[in-house]
Amino acid sequence: MVQRSAGNERARVLADGHVIPMLGLGVWQVRNGRACVDAVRWALEAGYRHIDTAQAYGNEESVGRGLREAGVPREEIFVTTKFVPRRGAEPVTALESSLRQLGVEYVDLYLIHWPAGGPTWAWPGMERAHEAGGARSIGVSNFGVDDLRQLLATATVPPVVDQVQFSPYEYRKALLGTCHQQGIALEAYSPLGTGRHLEGETVTRIARRNERTPAQVLLRWCIERGIPVIPKSTHRERIAENARVFDFRLSNQDIAELDALDHTRGTERALERKWWR
Ligand code: A2P
């Protein structure tokens with residue numbers, strides 16, 4: 001049975017009551033500079049209201065410039081950045097620097113970028129950043145099931161998001177199940193497999209059947225599960241194409257065929273044992 005999202009498909013309410021737009025622009029691997037400023041501005045002009053950056057991307061300054069150039073009121077935009085968990089770093093101080101670079105007074109979501117040094121040590125600092133008002137919501141990224149369990153056992157303010165690599169090919173059912181049980185929204189980065197999944201035979205066939213593009217099919221697969229997505233592009237027409245995902249539905253057959261692309265079976269945990277360990 002396909003689990004469909006209900007209600008307003010364009011946004012999802014997080015466990016702390018804040019609302020996250022289902023579609024965001026990701027800017028991983030976009031260099032600080034004009035290309036990044038333009039991508040953010042084009043996204044906002046195409047109707048995106050969610051931009052996802054990180055301290056580690058080195059482009060917060062350009063994201064901030066893009067936000068200002070687009071002229072959309074700050075309160076209408078959901079901005080995420082991420083804390084780099086390196087030795088000696090402190091979430092409150094790091095966030096102050098991010099806010100300065102972005103030119104904003106708060107971010108909507110502040111995530112621990114990956115669980116380096118263990119999943120719990122940085123969390124009290126994240127809670128302080130939240131309490132001080134610089135981060136409306138707090139969460140994590142690249143955390144697996146065990147990381148979440150450890151964190152939930154010690155957290156005073158629970159994380160509301162786990163942002164991970166997720167697509168039909170990386171359909172992480174155990175993690176999705178844990179997130180669901182714990183009231184954590186799983187958010188999908190690299191929903192297009194950094195572009196690798198766009199040429200797959202199944203995805204292409206389903207796109208043709210729906211008179212849509214492969215990117216739209218992959219994004220729609222997440223959205224119909226209530227999973228926020230942050231596709232990355234620096235091309236204006238692709239940014240616009242990726243936003244046209246709220247005016248069609250995949251059939252149960254489409255979803256079943258996409259589900260069958262999952263290649264994490266039995267290896268889901270391998271996605272959790274990456275270079276940051
Ligand atoms: P580009 O930035 O040159 O447009 P993911 O979001 O999974 O990380 O995928 C991002 C990659 O997919 C980037 O290389 C991006 O290229 C490419 N991409 C994003 N949207 C589209 C699209 N609609 N059609 C084709 N390629 C796309």
Side-chain angles (χ1 to χ4, degrees), residues 20-54 56-59 62-63 66 78-82 109 111 113-114 141-142 161-172 175-176 185-225 227-248 250 254 258 261-264 271 274-275:
I20 185 169
M22 292 294 287
L23 175 73
L25 178 77
V27 292
W28 179 38
Q29 292 179 333
V30 182
R31 294 230 321 238
N32 200 37
R34 196 67 232 170
C36 185
V37 177
D38 283 345
V40 170
R41 184 167 53 85
W42 291 333
L44 292 166
E45 286 172 5
Y48 291 61
R49 287 296 178 268
H50 174 178
I51 309 290
D52 182 285
T53 183
Y57 303 167
N59 58 18
S62 295
V63 169
F78 190 97
V79 179
T80 299
T81 196
K82 312 185 191 83
L109 181 61
L111 305 176
H113 205 149
W114 56 85
S141 182
N142 296 303
V161 165
D162 187 7
Q163 186 188 106
V164 297
Q165 189 184 351
F166 195 87
S167 77
Y169 292 84
E170 291 95 15
Y171 181 13
R172 304 171 64 177
L175 183 61
L176 189 60
L186 186 148
E187 185 181 13
Y189 76 72
S190 298
L192 313 177
T194 60
R196 284 172 294 117
H197 299 338
L198 295 169
E199 311 221 319
E201 202 187 307
T202 303
V203 175
T204 310
R205 183 178 63 247
I206 294 171
R208 262 203 309 274
R209 199 191 281 158
N210 285 275
E211 298 182 359
R212 292 289 165 158
T213 67
Q216 289 167 335
V217 165
L218 288 166
L219 298 174
R220 189 71 207 165
W221 181 84
C222 285
I223 288 167
E224 292 198 16
R225 288 204 155 69
I227 295 172
V229 279
I230 48 164
K232 171 258 173 187
S233 179
T234 47
H235 290 90
R236 189 173 200 162
E237 65 289 355
R238 290 178 176 173
I239 289 170
E241 173 189 323
N242 295 348
R244 289 192 293 272
V245 286
F246 296 103
D247 58 348
F248 76 108
L250 297 169
D254 295 335
L258 290 163
L261 296 173
D262 176 27
H263 61 205
T264 62
L271 284 167
K274 289 217 169 162
W275 52 272

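Atoms within each ligand, like the ligands themselves, are counted from 1 in listed order. Since the model is a prediction, treat every value here as computed from it, not as a measurement.
Summarising the geometry of N32 relative to G58, their closest heavy-atom pair is CB-O, 3.2 Å, with the distance given to 0.1 Å.
D247 and R212 are joined by a salt bridge, as a carboxylate oxygen and a charged side-chain nitrogen come within less than 4.0 angstrom of each other. A salt bridge does not link R172 with D262: none of the charged nitrogens is closer than 4.0 Å to a carboxylate oxygen.
Aromatic ring orientation, H197 versus H263: perpendicular (interplanar angle above 60°, classes split at 30° and 60°).
One distance of note links CZ of F166 with OH of Y189; it measures 12.5 Å at 0.5 Å rounding.
Looking at E201 and T204, their side chains never bring a donor and an acceptor atom within 3.5 Å of each other.
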Measure from every N or O atom of ligand 1 to the protein's N or O atoms and keep only the pairs below 3.5 Å, writing each with atom names and distance to 0.1 Å.
| residue | atom | partner | partner atom | Å |
| --- | --- | --- | --- | --- |
| ligand 1 | 2 (O) | K232 | NZ | 2.8 |
| ligand 1 | 2 (O) | T234 | N | 3.1 |
| ligand 1 | 2 (O) | T234 | OG1 | 3.4 |
| ligand 1 | 3 (O) | H235 | ND1 | 3.1 |
| ligand 1 | 3 (O) | R238 | NH1 | 3.3 |
| ligand 1 | 4 (O) | S233 | OG | 2.6 |
| ligand 1 | 4 (O) | H235 | ND1 | 2.9 |
| ligand 1 | 4 (O) | R238 | NH1 | 2.8 |
| ligand 1 | 6 (O) | K232 | N | 2.9 |
| ligand 1 | 7 (O) | P191 | N | 3.4 |
| ligand 1 | 7 (O) | L192 | N | 2.8 |
| ligand 1 | 7 (O) | G193 | N | 3.2 |
| ligand 1 | 7 (O) | T194 | N | 2.8 |
| ligand 1 | 9 (O) | G195 | N | 3.4 |
| ligand 1 | 16 (O) | R238 | NH1 | 3.2 |
| ligand 1 | 20 (N) | N242 | ND2 | 3.0 |
| ligand 1 | 23 (N) | E241 | OE2 | 3.0 |
| ligand 1 | 23 (N) | N242 | OD1 | 2.9 |

